[in-house]
2 protein chains.
Amino acid sequence: MPVPLYQAKAEFFRTLGHPVRIRVLELLQDGPRPVRELLTEIDVEASNLSQQLAVLRRTQLVSSTRDGNTVVYALSTPDVADLLRAARRILTELITDRSLLLEELHSAPGSPPAR
Amino acid sequence: MPVPLYQAKAEFFRTLGHPVRIRVLELLQDGPRPVRELLTEIDVEASNLSQQLAVLRRTQLVSSTRDGNTVVYALSTPDVADLLRAARRILTELITDRSLLLEELHSAPGSPPAR
DNA sequence: GATCAGGATGAAGAAGTCTTCAATTGACGA
DNA sequence: TCGTCAATTGAAGACTTCTTCATCCTGATC
């Protein structure tokens, strides 16, 4: 039995746990892109973006190829897109649930606070 | 446009980025469970588990109900299970890809090291 | 070969997360 | 009411991760 599997999973999710990295992955869903282009869309310093790209490369979620003067990044498997979709679904559900809860709290001010 | 959406997504993934929390979610996939039972399966101190459960509660991935002397936890939506499945798929793919790469490197020792 | 632009890297301090310990709460039976 | 079991909480130090800065590397142009 592979003991540290959930360890690997946790690392994987931690890799996704950064706004810039998420944005990069989402942009790459529509196809490969040069760093320069990512940079115009993400609003972060070049070296910072580079650091985050390095993290994504290390975990092999993306791959990079040099084309003359520019470097182009791409998702290394389309499964990443699936995963992001699943995450989006669950997130919107969680968020709407939360706002429903808020509404309930507002419309029934006498009821005890949720704990 | 909801500007900090990828922020929310990042937070969400960070929530999943911990071995104990992953294990808890996986155990809860099969149905609700009392803390005591989680504790026997996860091998972590009670207070540590409690801390991680608190994180999961804050992000509303799980919910807890007290039943007399024991506290029972459950997934707050079955979508969590979907997400974990998607993650599992992509992870096993990444891992097998990686070992293929290793094999290639071993069988072609004269080629330049991968960078 | 000097220079330049696009990217990558290393290092250091700031910021955040984990683990652990002691103290606390709530429910239950003696 | 006291003791106890189950679980949670708060706080402190260890440990990671982020951001930023200066520096470096690579390929193109002159």
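Naming: A, B, ... by sequence-line order, numbering from 1 per chain. What's counted below: heavy atoms across the whole structure, side chains too, no hydrogens, waters or symmetry copies.
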For this session: Can you sort out which residues in residues 27-53 of chain A have a heavy atom within less than 4.0 Å of DNA chain D? Ascending by number, please.
Result: Glu45(A), Ser47(A), Asn48(A), Gln51(A), Gln52(A)
Problem set entry | Flag side-chain contact, heavy atom, 4.5 Å: Leu61(B) against Leu16(B) | yes
Problem set entry | Main-chain N/O of Gly17(A) paired with Arg14(B) side-chain donor or acceptor, under 3.5 Å | yes
For this session: Examine dT9(D): is either OP1 or OP2 under 4.0 Å from a nitrogen or oxygen in the side chain of Arg57(B)? Give yes or no.
Result: yes
Exercise. OP1 or OP2 of dC18(D) sitting under 4.0 Å from any side-chain N/O of Arg21(A)?
Worked result: yes
For this session: Using a 4.5 Å cut-off on heavy atoms from C-beta on, say whether the side chain of Val20(B) contacts that of Asn48(B).
Result: no
For this session: Would you indicate whether the side-chain heavy atoms of Glu41(B) and Glu26(B) approach each other to under 4.5 Å?
Result: no
Problem set entry | Nearest-Å distance for atom pair NE2/P, residues His18(B) and dT17(C) | 12 Å
Exercise. Which whole-number value in Å describes the distance from Phe13(A) CZ to dT17(D) P?
Worked result: 17 Å
Exercise. Ser64(A) side chain to Val72(A) main-chain N or O, any donor-acceptor pair under 3.5 Å?
Worked result: no
Exercise. Would you say Arg23(A) and Leu27(A) make side-chain contact, with heavy atoms under 4.5 Å?
Worked result: yes
Problem set entry | Pairwise 5' ranking along DNA chain C for Gly17(B) and Val71(A), keeping only the more 5' one | Val71(A)
Problem set entry | Check: Val24(A) and Gln52(A) side chains under 4.5 Å, non-hydrogen atoms | no
For this session: Please report, rounded to the nearest Å, how far the C1' atom of dC25(D) is from the CZ atom of Arg66(A).
Result: 8 Å
Problem set entry | Nearest-neighbour nucleotide for the Ala54(B) side chain, dT9(D), dT17(C), dC5(D) considered | dT9(D)
For this session: Look at the side-chain N and O atoms of Tyr73(A) and state whether any lies under 4.0 Å from the OP1 or OP2 oxygen of dG6(C).
Result: no
Exercise. Counting side-chain heavy atoms from CB outward, which of dA7(D), dC18(D), dG6(C) is closest to Asn69(A)?
Worked result: dG6(C)
Exercise. Roughly how many Å is it from CG in Leu56(B) to P in dA7(D), rounded to a whole number?
Worked result: 16 Å
Problem set entry | side-chain N/O Arg14(B) vs dT17(C) OP1/OP2, d < 4.0 Å | yes
